[in-house]
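Step one of this worksheet: look at the structure below.
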Amino acid sequence: MAQDLFHLLSTNELKKEIGTLVAKDKRTLPENSKIFAAIAHMQKFDQLPDLVGYKELNALIAVGHIELNRGMTATKGVPVALYVRELLIGAMYPGTLSSIGNGIYLATTQPTKLILPDAFPRLSKIAENTLRMMNPA
Amino acid sequence: MIVRCALKRDSRIVEYDDLHAFCRENRNRAANAGIKDFGAIAAALGFDAYVRENIEAGIDEKVWVVVNRNALTFQREVLQYARQVLS
């Protein structure tokens, strides 16, 4: 169980602990990312996630777990499959770009009709036409 | 590629605005410990994730930032696909 490190440790103790872990981290990362990685390690937040099948995940969501999605794409010379593998079973990578802080960015699932009309009007029209063609009536 | 997962229902979640307020009130304490990033502060406080609403105008979308990977349950099939591609 994670604890509030601000209350568990004095400011100096916390700073020392983080500094020790940051010094050991030899990855090429910004200082803030290394600090995040250090705290994640202290809290045991860098451990591997659970993996379940499609039906089991549906069952978890049905009992109140929050369904989330992560969009991933390849970058120059790095296939998306490598990023996926690292996210699920690799070392926790704190990232280098963060608009509202370090962490794993995820999005909620929404019905397509809520997103398309405002954000993608042309796609919305295509979707309407596609649905019409698929309707057997 | 979309990777599907679920955040455990007993996760400790904080609203971004509340996290922001904590940072304002405790900025000296966090800064003295060398912590400036919101994700790092959320993790240090023991939260598993934080969530921000209305991040983009016109879209009722929430952005979730999970700082505890162990609080997530991923769909296994995507890993099988990744392994096939990489082998």
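Here is how names work: the chains are called A, B, and so on, in the same order as the sequence lines, proteins then strands, and each is numbered from 1. Side chains are part of it too, since the values below use all heavy atoms of this structure and drop only hydrogens, waters and symmetry mates.
Using a 4.5 Å cut-off between non-hydrogen atoms, the part of residues 16-24 of chain B that approaches chain A consists of Y16(B), F22(B).
Ranked by heavy-atom pairs under 4.5 Å with chain B, the list L88(A), N32(A), V84(A) is led by L88(A). Of the listed residues (T73(B), I35(B), L72(B)), the greatest number of heavy-atom pairs within a distance under 4.5 Å of chain A belongs to T73(B). Across A49(B), A40(B), C5(B), the residue that shares the most heavy-atom pairs under 4.5 angstrom with chain A is C5(B). Among G53(A), G64(A), A2(A), the residue making the largest number of heavy-atom pairs under 4.5 Å with chain B is G53(A). Between chain A and the options Y81(B), F74(B), Y50(B), F38(B), heavy-atom pairs under 4.5 Å are most frequent for F74(B). Residue with the most contacts toward chain B among V80(A), L87(A), D46(A), I35(A): L87(A) (heavy-atom pairs, distance under 4.5 Å). Residue with the most contacts toward chain B among H65(A), K44(A), K15(A): H65(A) (heavy-atom pairs, distance under 4.5 Å). Each of V51(B), V65(B), V78(B) has some count of heavy-atom pairs under 4.5 Å with chain A, and the biggest count is that of V65(B). With respect to chain A, the highest number of heavy-atom pairs below 4.5 Å among L45(B), I41(B), I2(B) belongs to L45(B). Across S11(B), G34(B), A30(B), A43(B), the residue that shares the most heavy-atom pairs under 4.5 angstrom with chain A is A43(B). Top candidate by heavy-atom pairs under 4.5 Å with chain B, chosen from L5(A), I39(A), N102(A), is N102(A).
With a 4.5 Å cut-off on non-hydrogen atoms, R29(B) touches chain A through its backbone and its side chain both. Within the 4.5 angstrom heavy-atom criterion, atoms from both the backbone and the side chain of L68(A) approach chain B. Residue contact with chain A, scored on non-hydrogen atoms closer than 4.5 Å, is absent for A42(B). Contacts of Q3(A) with chain B are made by backbone atoms alone, with heavy-atom separations under 4.5 Å and no side-chain atom involved. Contacts between K16(A) and chain B at a heavy-atom distance below 4.5 Å are absent for every atom of the residue. The contact between F47(B) and chain A is made entirely by backbone atoms, counting heavy-atom distances below 4.5 Å. Residue L82(A) touches chain B through both its backbone and its side chain, counting heavy-atom pairs closer than 4.5 Å. Looking at I100(A), both its backbone and its side chain come within 4.5 Å of chain B, counting heavy atoms on both sides. Both the backbone and the side chain of V63(A) have a heavy atom closer than 4.5 Å to some heavy atom of chain B. Interface residue V52(A): backbone and side-chain heavy atoms are both found under 4.5 Å from chain B.
If you chain together hydrophobic residues whose side chains sit under 4.5 Å apart, V66(B) and M1(B) fall into the same group. Under a hydrophobic-cluster definition in which Ile, Leu, Val, Met, Phe, Trp and Tyr are linked whenever side-chain heavy atoms come within less than 4.5 Å, directly or via other members, L86(B) and V78(A) are assigned to the same cluster. Cluster membership for Y105(A) and V14(B), using ILVMFWY side-chain heavy atoms within less than 4.5 angstrom, is shared. By the criterion of side-chain heavy atoms lying less than 4.5 angstrom apart, applied directly or through intervening Ile, Leu, Val, Met, Phe, Trp or Tyr residues, F36(A) is not grouped with L29(A); the two fall into different hydrophobic clusters.
Heavy atoms only, all atoms of each residue included: R4(B) and Y54(A) are closest at NH1-CD1, 3.4 Å. Between V67(B) and G103(A) the shortest heavy-atom distance is CG1-CA, 4.5 Å. Taking each heavy atom of G90(A) and L48(A) in turn, the nearest pair found is O-CD2, 3.7 Å.
Using a 3.5 Å distance cut-off with no hydrogens or angles, the side chains of Y83(A) and T75(A) do pair a donor with an acceptor.
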- Message: Assess the residue pair I18(A) and L14(A) against the criterion (side-chain contact (heavy atoms from CB on, under 4.5 Å)); give the C-alpha distance rounded to whole Å, side-chain angles, the decisive distance to 0.1 Å, and a yes or no.
- Response: CA-CA 6 Å; I18(A) 291 169; L14(A) 183 55; 3.9 Å; yes
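Under the salt bridge (Lys or Arg N to Asp or Glu O under 4.0 Å) criterion, K34(A) pairs with no residue at all, not counting sequence neighbours. Residues forming a side chain to side chain contact (heavy atoms under 4.5 Å, CB included) with I89(A) (at least two apart in sequence, or on another chain): L51(A), R85(A), L79(B), R83(B).
Counting only residues at least two apart or in different chains, side-chain hydrogen bond (donor to acceptor under 3.5 Å, both in side chains) contacts with residues 32-48 of chain B comprise D48(B)-N68(B).
Salt-bridge check for D10(B) with K8(B): failed, with every basic side-chain N at 4.0 Å or more from each acidic carboxylate O.
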